[in-house]
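Notes follow once the structure below has been shown.
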There are 2 protein chains.
Amino acid sequence: MTTTGDRTSPPAATHSIPTATVQRLPEYLRALHALGDTDGDTISSEALAAVTGVSSAMLRKDLSYLGAAGVRGVGYEVSLLTNRISTTLGLTRYYRVALIGMGHLGQALARYPGFASRGFHIAAIFDASPDLIGSRHGNHIVRDISELSGAVGEEDINIGVIATPETAAQQVADLLIDAGITSILNFAPCVLTVPQSVVVRKVDLAVELQLLSFHEHHKALQRSERDQQL
Amino acid sequence: MTTTGDRTSPPAATHSIPTATVQRLPEYLRALHALGDTDGDTISSEALAAVTGVSSAMLRKDLSYLGAAGVRGVGYEVSLLTNRISTTLGLTRYYRVALIGMGHLGQALARYPGFASRGFHIAAIFDASPDLIGSRHGNHIVRDISELSGAVGEEDINIGVIATPETAAQQVADLLIDAGITSILNFAPCVLTVPQSVVVRKVDLAVELQLLSFHEHHKALQRSERDQQL
DNA sequence: AGGTGTGAACGTATTCACAGCA
DNA sequence: TGCTGTGAATACGTTCACACCT
């Protein structure tokens, strides 16, 4: 089954799960939560696929990589599946997040309810600007970026979120890495250079719009081709 | 070369460009802008690949889909390449964006400098809350969501950005689609049901953290395996 | 030399279709 | 009968390696 062999069966190793599958797991989890995991009811791959926007075959294959726990002829028990996915994603623990950069985006992130509700606690907030240092946002007081290194150790921080301007992003990443952080979420529109052991995910808001632009452009081209040529 | 045949050569059809390639084009473009397109200097695939974090082979292949314009033994002329990519992405025109939902995230998006600088103008802002309607953010006054439908036509809006809570997202999407919008950027953590002709891109901030969680978890597992088993 | 453009090889992801179990 | 779990088939994406041009 899995490449690991077959010493014991169910939860299955997190290695060998295709990255494409991993990227869909949070969506499955979100849909399951939205269903409300009241008592021991089940859901079919068809039904869960419908609300998550994937095909049922893909969903079944994805879940099979987790050593899935469906019952033939019935479906997946919601609470069991929820646990399975949470465990695979490593969401059985809390993560402590450092947020760096308190511009408008950083302020929005600091208050984003989706973080806390999914087990990510913003443990500390930093900026370099004297105007912002000391100011309060939600429960937190913005600290000087120079305190970052110490805070990571003292506050047991696991994840760094960079919401600085592009020009500061690499320096901040270097500080985070020196402090021992190995997972970074980067909102600055630039590529970070990091050691292999560090995982960076990047969110570039403008890129998303540019991709929509491509599709608009593409649709327009197709229309004009059809209209003109025939 | 391209599936289209060979009537004329260079700019190449936007169809038949692999989606994986399209998704990298904005990053190439950003890197080219960051280089500063002073006069007619060139860049090699090796150099551009380095700053964009891809392999040079992949970069060359990606660019070849655009009917690329490199010179063997020399490289790509920066300004020409910039144009080629911009044209492919449909960035030769301005887009007018409607932003719906003026919570903290919406406020940050309204002021995000990366939109305007890349040709996306926020043309109108909407919310459903009476507390927010009429308030000013940047140059804009928040309008009642009921005005959305009319505004899309009057203000020639092409793209809708949803920054509402999850509960309102589908309704807002329906309004946008009724008004004729075919491109939506969705920040609400839910799947939107839309006709095939409508393109939705979704950004879920919590999902990004959950994916980092997976990697942290994975690394921890690997460590414990190594430590224990040998 | 130096660096692009690209077929061919490889690897990964998705879909199909059905055996097998409740 | 109904729905999972999964091999086999297909489609897609990436890497390799080299012919070809300047």
Side-chain angles (χ1 to χ4, degrees), chain A residues 1-4 6 9-25 27-28 32 40-78 80-81 84-85 88 211, chain B residues 1-6 9-13 15-25 27-28 32 40-78 80-81 84-85 88 211:
Chain A
M1 277 192 177
T2 5
T3 46
T4 345
D6 54 328
S9 37
T14 46
H15 15 285
S16 84
I17 300 180
T19 57
T21 293
V22 172
Q23 303 204 91
R24 285 185 293 266
L25 293 179
E27 185 58 40
Y28 300 155
L32 288 167
D41 47 0
T42 61
I43 188 167
S44 71
S45 64
E46 200 71 51
L48 186 54
V51 297
T52 53
V54 304
S55 73
S56 65
M58 196 157 92
L59 177 58
R60 288 200 301 280
K61 179 138 283 198
D62 281 346
L63 296 183
S64 79
Y65 292 117
L66 323 190
V71 179
R72 293 174 204 238
V74 178
Y76 300 88
E77 199 199 318
V78 173
L80 193 150
L81 188 53
R84 203 46 83 73
I85 297 175
T88 306
L211 294 174
Chain B
M1 282 191 175
T2 7
T3 46
T4 345
D6 55 329
S9 35
H15 14 286
S16 84
I17 299 180
T19 56
T21 294
V22 172
Q23 303 203 89
R24 285 186 291 265
L25 293 179
E27 186 57 41
Y28 301 155
L32 288 167
D41 48 359
T42 61
I43 187 168
S44 71
S45 63
E46 200 71 50
L48 186 54
V51 296
T52 54
V54 303
S55 73
S56 64
M58 195 158 93
L59 176 58
R60 288 201 301 279
K61 180 139 282 199
D62 281 345
L63 296 183
S64 78
Y65 292 117
L66 323 190
V71 178
R72 294 177 203 234
V74 179
Y76 300 89
E77 198 200 318
V78 174
L80 194 150
L81 187 54
R84 203 47 82 74
I85 297 175
T88 305
L211 294 174

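A note on names: the letters A, B, ... follow the listed sequences, proteins ahead of strands, and every chain is numbered from 1. All heavy atoms count here, side chains included; hydrogens, waters and symmetry mates do not. Everything numeric in this text was worked out from a predicted model, so none of it was measured.
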Rounding to a whole Å, what distance do you find between A:Glu46:CD and C:dC16:P?
12 Å
Interatomic distance, OG1@B:Thr88 vs CG@B:Leu66, rounded to 0.5 Å, equals 4.5 Å
To the nearest Å, how far apart are A:Asp62 CG and C:dA13 P?
10 Å
Work out which heavy atom in B:Asp62 is nearest to a heavy atom in B:Arg24; give both atom names and the distance.
OD2-NE, 2.7 Å
Could you say whether A:Ala20 or B:Gly75 is positioned toward the 5' end of DNA chain C, judged by the nucleotide with the nearest heavy atom to each?
B:Gly75
How is A:Thr21 classified with respect to the nucleic acid when contacts are heavy atoms under 4.0 Å: base, sugar-phosphate, or nothing?
nothing
Is there a side-chain polar atom (N or O) of A:Tyr76 under 4.0 Å from OP1 or OP2 of D:dG2?
no
Between the protein and nucleotides 18-22 of chain D, which nitrogen or oxygen pairs are less than 3.5 angstrom apart?
unit_1 : atom_1 : unit_2  : atom_2 : d
D:dC20 : O2     : B:Arg72 : NH1    : 3.2
D:dT22 : O4'    : B:Arg72 : O      : 3.4

Which pair of non-hydrogen atoms, one from B:Leu211 and one from A:Val22, has the smallest distance, and what is that distance?
CD2-O, 3.5 Å
Is B:Ser45 close enough to C:dG3 that one of its side-chain N or O atoms is under 4.0 Å from OP1 or OP2 there?
no
Least distance between heavy atoms, B:Ile17 atom then B:Tyr65 atom
CG1-O, 4.1 Å
Quick check on C:dA13: is either OP1 or OP2 less than 4.0 Å from any side-chain nitrogen or oxygen of A:Thr19?
yes
Please give, in whole Å, the distance from D:dT6 C1' to A:Leu59 CG?
14 Å
Separation of D:dG7 P from A:Lys61 NZ (nearest whole Å):
8 Å
Just call it for B:Ser55: base, sugar-phosphate, or nothing, with non-hydrogen atoms closer than 4.0 Å on any strand.
sugar-phosphate
B:Met58 CE to C:dG5 P: how many Å, rounded?
16 Å
Which pair of heavy atoms, one from A:Ala49 and one from A:Leu59, lies closest together, and at what distance?
N-CD2, 3.5 Å
Along DNA chain C (nearest heavy atom to each residue), the more 5'-positioned of B:Ser44 and A:Arg24
B:Ser44
Heavy atoms of other groups near A:Gln23 CD, more than 12 under 6.0 Å
yes
Protein-nucleotide distance (B:Tyr65, atom OH; C:dT4, atom C1'), rounded to Å:
15 Å
Rounded to whole Å, CG of B:Leu63 lies from P of D:dT14 at a distance of 14 Å
All heavy atoms of B:Tyr28 vs all of B:Leu48, minimum pair found to be O-CD1, 4.5 Å
Using atom CD1 of A:Ile17 as one end and atom P of C:dA13 as the other, report the distance to the nearest whole Å.
12 Å
